[in-house]
Structures are given as C-alpha cells and as structure tokens.
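Since the structure comes first, as structure tokens, the remarks are kept for the end.
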Amino acid sequence: MTATGPAPGDDLYDRVQATASVVRARIGARTPEVALILGSGLGGYADRLEDAVAIDYHELPGFPRSTVHGHAGRLVVGTRRGAMCVAMKGRVHLYEGHDARTVSFPARVLVALGARVLLVTNAAGGLRPEWPPGTLMLIRDHIDMLRDHALRGPNDDRLGPRFPDMTTSYTPALRALVKDVARAQGITLEEGVYVAMPGPTYETPAEVRMLQIIGADATGMSTVPEVVVARHMGARVIGISCITNKAAGITGEALSHEEVTETATRVRSTFEGLLDGILAALVERKELA
Ligand code: HPA
C-alpha cells in the first residue's frame, strides 16, 4: 500500500481463493489432481471426464470469457483413467484484449484447487519444414515474445516468489513419462521449443525466419502465461503442441484458421489417446501423490 492507494493486482491471492471456493462449492468432495487446458479443436476431451460437474466461465468470478469461435468456455471437473481432473474447455488469449494477468487467472484457480500437474495443449504453427501438419510436439521449453507478462505487477509471496526459476519449466520426469506413453502407443512425438507470439495475425515469413533463428520449433499465441503462473505456484507442467500447419512462408500458401481447426480435428483421436495414456501413467507412477 502506498500513498497512491493499492497497486492493481494486490488482491490477486484473495480473488484466486474466492473463485476456487465457488468451484469447491460445486464439486463437493472432488479434489482435482491434474489440470487440463485444452487448445483449439481439443476441448471435446473435457466431455470425456466421468462423473463430471461442468461450470460455465461466466459463473466464475475473474474468469475471462473467450471470444473465439471454437473455444467454448466451461470448466469441467471429473475423473479420467483414474485421475481426478479439472479441465478448461476453451481459454482466452492476449489478442482478445485481456492482459496476461487476466489470461492466466484461471490457471491459478486450477492450481489453487489442488492440481499438482498442469497439462496444457495448443495448436501451433510448425517452424521445422520437415514436420508435416498433424505432428505432435512435446514442449521442452518456451520463448516468451508476448508483450505482457503474467507476473508483471506486485508479487504476492503467498502465490509464489518474485523471481521464479524457469530452468525446468516443463518437468523433465514428466516429459520422460509422456515419451514412454507415446512410444508404447506407436505415436511419433517430436520435442521442441514453443514460442508465444501476440497474434492475432499469423506471423510474417520474416518473423518465421527470425523465430527459426532464435531456436523455436513451434509458434502459437497461448500457453506461456498459464505455464508461468503454474510454475510460480509450484505446479509441474506438461505441454503438448499439435502442429496444425507449417508456419507462414514455409510452403508459400496462405494460412487460415480453418486449416488449423481441420488439422486439430483430424489428429484429435490420436491426441486424446495420448492424453488418456498420460493420465493413466501419472496415476500408475504415483506422480500425483
Ligand atoms: N502461428 C501462430 N499460431 C498458430 C499457428 C501459426 O502458424 N497455427 C496455429 N496457431
């Protein structure tokens, strides 16, 4: 508190707890162990949760509403493959006009509810010309090119440290687990670096060349703010990108949102099988304890 009054965001901890309480009042004795944030074309996985309770985002204080076609806004809590999950069906992006604190607020609530593992998925453009659309990429690390940061503003030590370490943001042991599951299922899984760009334009070919040079393998418009707050709060993270298209300039063809959703839909059953396998392995290896 200063002479000019409370800095914006000072009440973040209380707002997170308040919204978590609203969710708890609806889900009874369930305590989520895994948080799922489902990207473009993958929201349907939330409907596979069993004994589920669904809550519209507009019932949840502080949850921003998605404006993108194909991103429904609902929180679903239920079990899948023995894991108690809380899934975000639809997420918001910075390009919709929200700042990174707002975009990442729901992820904070998921962790506050008890989720120790965040499994985040997205649709992304491939920066490697040899990767065909439909390739799945395990995120090893990220580069943040967004023009806002989820932790910008005052820090509340009850949520996490002022300067979080990002050395192993995508938990190595969980990456090994995902690779084991993919191998067992006969799924080709690439691994690489995700770069978050502000959008909503797709990149220019010149930007794509820049992103290749700085060491990125896939480019998208999401994920980083949620991963940042999950790490801030001490949750472990798994990230998987569905490469829905080659990034701009690689083929010379124009990019379209239709291509993105079409590819995501085509890969959906493989992707969902992988998610099932990951949940089963998390339970089996006692990674949720
Ligand atoms: N660029 C950025 N975001 C994306 C892309 C892309 O090529 N494809 C899907 N999301």
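Keep in mind the model is a prediction, meaning the values are calculated, not measured. In listed order, ligands and their atoms are each counted from 1.
For Ala124, every heavy-atom contact with ligand 1 shorter than 4.0 Å involves the backbone, none the side chain.
Atom-to-atom distance recorded for Arg236:CZ and Arg175:CZ is 12.5 Å, nearest 0.5 angstrom. The line from CG of Leu177 to CD1 of Ile238 is 6.0 Å long, rounded to the nearest 0.5 Å.
Shortest non-hydrogen contact noted between Met221 and Thr201 is CE-O, 3.5 Å. Of all the heavy atoms in Ala87 and Leu49, the pair that sits closest is CB-CD1, 4.0 Å. The two residues Ala46 and Val76 have their closest heavy-atom pair at O-CG1, 3.6 Å. Contact between Arg101 and Leu151 at its shortest, heavy atoms only, is NH2-O, 4.3 Å.
Here is the list of ligand 1 atoms found below 4.0 Å of a heavy atom in Leu255: 7 (O). Short contacts between ligand 1 and Met221, defined as distances under 4.0 Å to a heavy atom of the residue, involve ligand atoms 2 (C), 3 (N). Atom numbering of ligand 1 starts at 1 in the shown order; those under 4.0 Å from a heavy atom of Asn245 are 5 (C), 6 (C), 7 (O), 8 (N), 9 (C). Each of the following atoms of ligand 1 lies closer than 4.0 Å to a heavy atom of Gly125: 4 (C), 5 (C), 6 (C), 7 (O), 8 (N), 9 (C). Close contacts of ligand 1 with Thr219, meaning ligand atoms under 4.0 Å from a residue heavy atom, involve 1 (N), 2 (C), 3 (N), 4 (C), 5 (C), 6 (C). The contact set between ligand 1 and Thr244, taken as ligand atoms under 4.0 Å from a residue heavy atom, comprises 8 (N), 9 (C). Residue Ala123 approaches ligand 1 through these ligand atoms, each under 4.0 Å from one of its heavy atoms: 9 (C), 10 (N).
When Lys246, Met197, Glu203 are checked for heavy-atom proximity to atom 2 (C) of ligand 1, Glu203 turns out nearest.
With Pro64 as reference, Thr102 is the one residue of Val103, Asp99, Thr102 to meet the side chain to side chain contact (heavy atoms under 4.5 Å, CB included) rule.
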